[in-house]
Amino acid sequence: MKFIKQNIKNLYVIKPILFKDIRGSFRRSFCLSKFLKKKIKFKCVQINTSENKKKGTLRGFHFNKTLKAEPKIISCPKGKVFLCVIDLRKKSITYKKKKSLILSSKNKYSVYIPPGCANAFLTLENNTIVNYLMGDYYNKKYDCGFNFKSEDFKVKWPLKPVVISKKDLNLPDFNQRFN
């Protein structure tokens with residue numbers, strides 16, 4: 001596994017090392033010792049799977065309102081997503097920075113998202129699956145989010161979102177959430 005540092009503090013793209021032969025391929029999806037070498041203390045306590053039928057499905061921006069919980073590793077074993085991560089940690093040197101990436105079954109990348117960051121994704125193919133390895137348990141009491149169209153960030157979505165939950169559509173703008 002190769003960790004590629006991104007422009008947000010402690011955000012990494014994880015590029016697997018593929019072993020291929022006549023049977024197909026093999027890769028390591030998670031290795032605690034590799035994370036510890038990067039000084040990332042991640043203990044998987046929950047695994048979530050998002051199955052998305054339609055291209056153009058948007059989920060997010062979501063985060064834990066304590067900003068101290070829910071580190072996660074996101075991957076896309078089937079299909080393709082445009083993932084956007086935003087640093088919400090006010091004391092971070094990368095506060096309010098954003099990073100957009102493509103995760104797909106072809107590139108096989110994963111992304112480690114540290115606590116205190118919001119994330120959203122938009123599916124770029126039908127029948128896309130997204131897996132989340134969670135470093136903390138989900139707690140509805142701390143579930144939070146802001147609208148994907150927030151003017152503070154001006155995310156350039158690669159296509160117009162067409163499937164969005166009522167909850168995500170009705171999330172407030174970032175400024176309304178934090179002012």
Side-chain angles (χ1 to χ4, degrees), residues 6-8 11-14 45-90 92 94-179:
Q6 301 300 299
N7 68 331
I8 293 176
L11 178 75
Y12 290 93
V13 168
I14 304 163
V45 298
Q46 185 173 307
I47 299 173
N48 302 327
T49 301
S50 167
E51 297 180 19
N52 306 276
K53 295 177 187 178
K54 299 281 185 187
K55 176 180 178 177
T57 299
L58 186 127
R59 295 180 187 253
F61 281 96
H62 300 149
F63 61 96
N64 179 293
K65 71 172 88 172
T66 69
L67 299 181
K68 292 182 171 97
E70 288 190 356
K72 58 190 86 155
I73 300 169
I74 296 180
S75 60
C76 181
K78 182 178 180 195
K80 186 176 183 180
V81 296
F82 174 88
L83 173 72
C84 186
V85 179
I86 298 174
D87 190 348
L88 302 180
R89 302 165 291 181
K90 288 185 178 177
S92 170
T94 58
Y95 175 61
K96 284 183 139 183
K97 284 203 176 189
K98 69 180 179 215
K99 177 65 181 179
S100 298
L101 311 134
I102 300 291
L103 302 179
S104 71
S105 55
K106 288 183 181 169
N107 69 22
K108 300 177 184 358
Y109 292 173
S110 295
V111 175
Y112 170 74
I113 301 174
C117 291
N119 67 278
F121 71 79
L122 178 68
T123 61
L124 302 178
E125 294 180 3
N126 289 333
N127 301 310
T128 292
I129 295 175
V130 177
N131 282 338
Y132 306 72
L133 278 67
M134 304 298 295
D136 206 348
Y137 295 102
Y138 172 77
N139 185 331
K140 187 174 183 171
K141 179 175 152 183
Y142 299 116
D143 186 32
C144 204
F146 57 88
N147 198 283
F148 73 99
K149 295 187 274 185
S150 178
E151 285 297 312
D152 277 75
F153 304 108
K154 296 182 172 112
V155 176
K156 293 180 180 154
W157 300 100
L159 54 99
K160 184 178 179 181
V162 292
V163 180
I164 309 168
S165 71
K166 285 182 184 178
K167 175 187 166 189
D168 284 353
L169 268 176
N170 293 317
L171 286 171
D173 192 69
F174 178 82
N175 277 329
Q176 292 172 312
R177 173 69 70 200
F178 285 95
N179 288 336

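FYI, side chains are in, hydrogens and waters are out, and symmetry mates aren't considered; it's all heavy atoms of this structure.
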Discussion item. Quick one, L83 with I74, criterion side chain to side chain contact (heavy atoms under 4.5 Å, CB included). Give me CA distance, side-chain angles, the key distance, then yes/no.
Written reply: CA-CA 9 Å; L83 173 72; I74 296 180; 4.3 Å; yes

Discussion item. Do N52 and V130 have side chains that approach each other closer than 4.5 Å (heavy atoms only, starting at C-beta)?
Written reply: yes

Response to the item:
So CD1 of I86 and CD1 of I8: to nearest 0.5 Å the spacing works out to 7.5 Å

Worksheet item: Between atom CD1 of I14 and atom OH of Y112, what is the distance when rounded to the nearest 0.5 Å?
Response: 9.0 Å

Worksheet item: Between C144 and H62, is any pair of side-chain heavy atoms under 4.5 Å apart?
Response: no

Fill in: side-chain contact (heavy atoms from CB on, under 4.5 Å) partner of K166, chosen from I164, N170, L169
N170

Discussion item. As a quick check of understanding, evaluate side chain to side chain contact (heavy atoms under 4.5 Å, CB included) for N127 and E51, giving each step before the final call.
Written reply: CA-CA 7 Å; N127 301 310; E51 297 180 19; over 6 Å; no

Discussion item. Taking the ring of F153 and the ring of F148, is the distance between their centroids below 6.0 Å?
Written reply: no

Worksheet item: Is the shortest heavy-atom distance from the side chain of K90 to the side chain of L67 under 4.5 Å?
Response: no

Practice prompt. Looking only at non-hydrogen atoms, find the nearest pair between G60 and D168 and report the distance.
Written response: N-OD2, 2.9 Å

Practice prompt. Report the residues that fulfil salt bridge (charged side-chain N to carboxylate O under 4.0 Å, His left out) with K167, sequence neighbours left out, ordered by chain and then residue number.
Written response: D143

Fill in: Closest contact, heavy atoms only, R89 versus T94
NH2-OG1, 4.1 Å

Item to complete: Spell out, as yes or no, whether a donor-acceptor pair under 3.5 Å connects the side chain of S150 to the backbone of N147.
Response: no

Discussion item. Let's go through L101 and F121 carefully: what are the C-alpha distance in whole Å and the side-chain angles of both, what is the deciding distance for side chain to side chain contact (heavy atoms under 4.5 Å, CB included) to 0.1 Å, and is it a yes or a no?
Written reply: CA-CA 9 Å; L101 311 134; F121 71 79; over 6 Å; no

Item to complete: Please report the shortest heavy-atom distance between L122 and P158, naming the atom on each side.
Response: CD2-CD, 4.0 Å

Worksheet item: Does K96 have any salt bridge (charged side-chain N to carboxylate O under 4.0 Å, His left out) partners at least two apart in sequence or in another chain, and if so, which?
Response: D152

Worksheet item: Taking all atoms of both residues into account, what is the closest heavy-atom pair of K54 and V163, and its distance?
Response: CB-CG2, 3.9 Å

Worksheet entry | K55 NZ: over 12 foreign heavy atoms closer than 6.0 Å | no

Worksheet entry | T123 side chain vs T57 backbone, donor-acceptor pair below 3.5 Å | yes

Worksheet item: In Å, rounded to the nearest 0.5 Å, how long is the span from OH of Y132 to CD of E70?
Response: 11.0 Å

Worksheet item: Between S104 (side chain) and N107 (backbone), is there a donor-acceptor pair under 3.5 Å?
Response: yes

Item to complete: Would you name the heavy atoms of G135 and V45 that are closest together and state the gap between them?
Response: C-CG2, 3.9 Å

Worksheet item: What do you reckon, is NZ of K80 surrounded by more than 12 foreign heavy atoms closer than 6.0 Å?
Response: no

Worksheet item: Going by atom types only, do N131 and S75 share a side-chain donor-acceptor pair under 3.5 Å?
Response: no

Worksheet item: Between CG of L171 and CD of Q176, what distance do you get to the nearest 0.5 Å?
Response: 10.5 Å

Practice prompt. Find the distance between CD1 (I129) and SG (C76) and round it off to the nearest 0.5 Å.
Written response: 8.5 Å

Worksheet entry | Within-4.5 Å side-chain heavy-atom neighbours: K68 and P115 | no

Worksheet item: Given side chains that start at C-beta, do those of K97 and L11 come closer than 4.5 Å, heavy atoms only?
Response: no

Worksheet entry | Distance, nearest 0.5 Å, that separates OG of S110 from CG of L133 | 8.0 Å

Practice prompt. Check whether more than 12 heavy atoms from other residues, nucleotides or ligands sit under 6.0 Å from atom OH of Y142, and answer yes or no.
Written response: no

Worksheet item: Do the rings of W157 and F82 sit parallel, tilted or perpendicular, given the 30° and 60° boundaries?
Response: perpendicular

